[in-house]
Amino acid sequence: MTVIDLTVRQSNILEIVKQAGPITGKDIADKLGLSRAALRSDLAVLTMSGLLGARPRVGYYYTHKTPSDYIATILGNIQISDAHSLPVVIRENCSVYNAIVTMFTEDVSTIMIVSEGGFLEGVVSRKDLLKASMGDRNLTELPVKVAMTRMPNIIVTTPDEPVLDAAKKLLNHQVDALPVVKVVVVDKTEKLQVVGRFTKTNITRLFVQLADTGYSI
Ligand code: ADP
């Protein structure tokens with residue numbers, strides 16, 4: 001996959017910096033016979049993509065990194081705790097009807113089912129609830145636990161996991177959301193306390209945020 005296509009001018013700048021770096025923006029502009037202002041956006045692209053580094057009073061230098069190294073480093077450094085949302089949870093005795101209402105009112109596509117103390121019992125998705133709604137059943141009487149995917153088959157993430165690893169879990173397991181959990185020991189057994197949710201929307205938001213504001217490593 002080609003991550004970045006450089007223009008002729010950007011390739012020329014890269015060559016100059018490879019040969020003469022560290023070099024100031026003004027010196028690069030002089031070598032190309034252009035103004036410093038004319039180069040501003042090209043230099044921004046080259047530094048944002050990680051091909052060039054920039055240090056005040058030193059100038060631009062070649063990083064010996066490819067853009068994909070740079071992107072992997074950035075994503076590997078962002079943790080779930082920087083990107084997750086608050087969890088939307090219901091208790092296991094909640095009805096399928098109320099789970100559907102919660103999905104609408106909270107505007108989420110996955111709900112986590114917890115026991116007392118906020119410990120993970122299961123997750124229920126839109127399609128789980130659609131499936132449970134087919135047929136002639138009274139949804140106000142039907143408990144959500146009959147429709148949910150239950151522990152220990154839940155794929156989870158933790159606050160300190162890199163978002164890149166969690167994103168791979170979403171893809172590999174073909175799910176839209178992961179409960180963010182903290183492991184706590186209760187009566188000598190490990191339990192997963194739900195502290196957040198990490199969804200494809202969080203990744204989309206992060207993606208746009210990285211493009212808009214950048215992220216330094
Ligand atoms: P939908 O089925 O509405 O498209 P998902 O693709 O997220 O939503 O869910 C697919 C199936 O996987 C559902 O049966 C759901 O209960 C289950 N599921 C959702 N999230 C997880 C998860 N984090 N771990 C395990 N199973 C999950």
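Each residue takes its place number in the sequence, starting with 1.
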Engineer: Is it the case that atom OH in Tyr61 sees more than 12 heavy atoms from other parts of the structure closer than 6.0 Å?
Structural biologist: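 Buried by this count: over 12 neighbours within 6.0 Å.
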Engineer: Ignoring hydrogens and geometry beyond distance, is a side-chain donor-acceptor pair present between Asp160 and Gln79 at under 3.5 Å?
Structural biologist: no
Engineer: Are side-chain N/O atoms of Asn138 and Thr140 paired as donor and acceptor at under 3.5 Å?
Structural biologist: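 Looking only at side-chain atoms, Thr140 and Asn138 do form a donor-acceptor pair, the distance falling under 3.5 Å.
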Engineer: Could you state the interatomic distance from CD (Glu92) to SG (Cys94), rounded to the nearest 0.5 Å?
Structural biologist: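 If I round to the nearest 0.5 Å, the distance is 10.0 Å.
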Engineer: If you group Ile, Leu, Val, Met, Phe, Trp and Tyr by side-chain heavy-atom gaps below 4.5 Å, do Val17 and Leu51 land in one group?
Structural biologist: yes
Engineer: Closer than 3.5 angstrom, by distance alone: can the side chain of Gln193 be matched with the main-chain N or O of Gly117 as a donor-acceptor pair?
Structural biologist: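 At least one qualifying donor-acceptor pair exists.
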Engineer: Does NZ belonging to Lys200 count more than 12 external heavy atoms closer than 6.0 Å?
Structural biologist: yes
Engineer: Report yes or no: does Asn12 contribute a side-chain atom to a donor-acceptor pair with the main-chain N or O of Arg9 at less than 3.5 Å?
Structural biologist: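 Such a contact is absent between Asn12 side chain and Arg9 backbone.
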Engineer: Does Asp165 pair with Lys169 as a salt bridge, N-O distance under 4.0 Å?
Structural biologist: no
Engineer: So Ile78 and Leu210, do their side chains get closer than 4.5 Å, heavy atoms only?
Structural biologist: yes
Engineer: What I'd like to find out is whether the side chain of Arg126 reaches to under 4.5 Å of the side chain of Met103, using heavy atoms alone.
Structural biologist: yes
Engineer: Do Val163 and Phe198 have side chains that get closer than 4.5 Å, going by heavy atoms?
Structural biologist: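 Answer yes - side chains close enough.
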Engineer: Establish whether Leu6 and Tyr60 are linked, either directly or via other cluster members, by ILVMFWY side-chain heavy-atom contacts under 4.5 Å.
Structural biologist: yes
Engineer: Could you check whether any side-chain heavy atom of Leu170 comes within less than 4.5 Å of a side-chain heavy atom of Asp176, counting everything from C-beta outward?
Structural biologist: no
Engineer: Side-chain contact test, heavy atoms from C-beta onward, threshold under 4.5 Å: evaluate it for Leu178 versus Val156 and give yes or no.
Structural biologist: no
Engineer: Can you establish whether the number of heavy atoms outside Lys18 located under 6.0 Å from its atom NZ is more than 12?
Structural biologist: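 It does: Lys18 NZ has more than 12 such atoms within range.
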Engineer: Does some side-chain heavy atom of Ile16 sit less than 4.5 Å from a side-chain heavy atom of Ile23?
Structural biologist: yes
Engineer: Check the surroundings of atom CZ in Arg91: do more than 12 heavy atoms from other residues, nucleotides or ligands lie under 6.0 Å from it?
Structural biologist: yes
Engineer: Compare every heavy atom of Ser95 with every heavy atom of Asn98, then report the nearest pair and how far apart it is.
Structural biologist: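 Taking every non-hydrogen atom into account, N-OG, 3.0 Å.
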Engineer: Could you tell me if the side chain of Ser133 sits less than 4.5 Å from the side chain of Ile100, heavy atoms only?
Structural biologist: yes
